[in-house]
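Scroll down for the structure; my scribbles are underneath it.
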Amino acid sequence: MNDFHADPMFPLLYSVRQRVRENDDTFTLELEPSAGEMLPAFQAGQFNMLYVYGVGEIPISVSGDPSKPYRLIHTTRAVGTVTRSMAELRENDRLGVRGPYGSHWPMESVTGSDLVLVGGGIGLAPLRPAIYHIMANREKFGRVVLLYGARTQEDMLYRRELEQWRSRFDLEVYVTVDRATGSWHGAVGVVTTMIPHAPFDPLDSVAFVCGPEVMMRFTVQALQRRGVTSDRIYLSMERNMKCGAGFCGHCQFGPFFICRDGPVMRFDRIQDFFGKWEV
Amino acid sequence: METLEAVIVEHPFFRGLREEYVALIAGCASNVRFAPSQYLFHEGEIANRFFLVRRGLVSLEIFVPGRGPASIQTVGEQEVIGWGWMVPPYRWRYTARALEITRAVAFDALCMRRICDADHDLGYELMLRFAGIISHRLQATRLQLMDIYSLSA
């Protein structure tokens, strides 16, 4: 690490290697270092700050494979000024990246447990590095169940990979949509409706949950009704982050800063603040 | 061979139901099987049954003029289909169609209403269980209406 890199506010230059359109408003950027120097390896669940020069900087979870840190992969929706500019980037365009920041999915401490991964909409993106890690270390985990909900089949992320994961014998993938369109013949209903009957043992399972906060709120309730205790539920939280390093306070959540203490947080530590109008 | 009583008592919907009640409602039950695309019932018809799904997946659909059937929800293993039999005018509010081979236990509505009328404790027990299902489905429908995946934190 050089002097520049020691400064957490200093971005490194990365180039766009590929931009993949996932659906109408969501895209994936594949980045690689422009000048050879690269960020430290990330862990599943962490995020980077991506800076479109002259436009602005935003936090985006890393959605690539943690064992391949050279190539950074981020999936995001084009909903604001920065992400809309990002959606226009082409191959070899440059942007600044700093990170990785924040907490990560507790892959080491859940070794031996069954895992239930619950993703909603774009919430599958921060879960994907955990799935890569699980598949690379499959023998370390018990039963692994992925529950994914999307608005329609056209809105699903990583459709080809979902099909590949479904075809594995050691990963159970269940997908549901809010609205059945086109040739969809699978489950219809929100992702929470799959939890009561999903094939996992609630007493020996750890849940990773990522999606819009309202979806996570009802997912936690469904998991708790099933018997999963609060200390075995992890959420990936989202707030308006600016510095990404716990300096500015924009992402304060009760006594926590989401950028530093999150985004991945154990539910029993945040349940007093979770779902409150203002904290 | 597994008896209907054993199937009923193992289904989550009836788990914990008193033995004498299980024996009573088993008298209203029959095993049914539906092939893919086969209809369990149609919107507007008399709701003369309800189903405990044992295996398979069923699509609940509402017919939209000009568009055809729209799937509003799917119901799978360990779940229950139908509460139209409980409340007047005893009509199905949607159509149910099997998406894959579906095995279920069907309960005759007249028989069930008769034993519930005769024993209000059993009727109350059933009403509580159906109210739980209705409450969860209402909440799930509200979340669908909110389009929750499009919301940010």
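Letters A, B, ... mirror the listed sequences (proteins, then strands); counts begin at 1.
Contacts of A:Val191 with chain B are made by both backbone and side-chain atoms, with heavy-atom separations under 4.5 Å. Only the backbone of B:Ile72 comes within less than 4.5 Å of a heavy atom in chain A; its side chain stays farther off. Heavy atoms of A:Ala150 lying under 4.5 Å from chain B belong exclusively to its backbone. Both the backbone and the side chain of B:Ser71 come within less than 4.5 Å of a heavy atom of chain A. Only the side chain of A:Arg225 comes within less than 4.5 Å of a heavy atom of chain B; its backbone N, CA, C and O stay farther away.
Counting non-hydrogen atoms of neighbouring residues, nucleotides and ligands closer than 6.0 angstrom, the CZ atom of B:Arg103 reaches no more than 12 such neighbours. Residue B:Ile134 qualifies as enclosed at atom CD1: its count of foreign heavy atoms under 6.0 Å is above 12. When the shell of 6.0 Å around OH of B:Tyr124 is examined, it contains 12 or fewer heavy atoms from other residues, nucleotides or ligands. By the 6.0 Å contact criterion, CZ on B:Arg129 is enclosed, its count of non-hydrogen atoms from other residues, nucleotides or ligands being greater than 12. No more than 12 heavy-atom neighbours from other residues, nucleotides or ligands sit within 6.0 angstrom of CD on B:Glu19. With a 6.0 Å radius and a threshold of 12 heavy atoms from other residues, nucleotides or ligands, A:Arg160 has its CZ atom at or below the threshold.
Contact detail for B:Tyr149 and A:Arg151: the closest heavy-atom pair is CD1-N, 3.5 Å. Of all heavy-atom pairs between A:Val214 and B:Ile148, the closest is CG1-CG2, 3.6 Å. Nearest approach of B:Leu99 to A:His185, heavy atoms of both residues: CD1-O, 3.4 Å. Closest approach of A:Val190 and B:Leu143 over heavy atoms only: CG1-CB, 3.8 Å.
For the atom pair CD of B:Gln73 and OG1 of A:Thr193, the computed distance is 7.0 Å after rounding to the nearest 0.5 Å. Here the CZ-CE distance, from A:Phe218 to B:Met146, works out to 7.0 Å after rounding to the nearest 0.5 Å.
Interface remark: of the candidates A:Gly123, A:Pro196, A:Ala187, A:Ala187 forms the most heavy-atom pairs closer than 4.5 Å to chain B.
Under the 4.5 Å side-chain criterion, counting only non-hydrogen atoms from C-beta, B:Glu79 is in contact with A:His197.
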Report task. Let me see the working for A:Gln221 and B:Gln139 under side chain to side chain contact (heavy atoms under 4.5 Å, CB included), right down to the final yes or no. Result -> CA-CA 12 Å; A:Gln221 289 172 12; B:Gln139 188 188 59; 4.0 Å; yes
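Counting only residues at least two apart or on different chains, the salt bridge (charged side-chain N to carboxylate O under 4.0 Å, His left out) pairs with a member in residues 93-102 of chain B are B:Glu61-B:Arg97.
Looking at B:Gln144, its side chain does come within 3.5 Å of a backbone N or O of A:Asp178 through a donor-acceptor pair.
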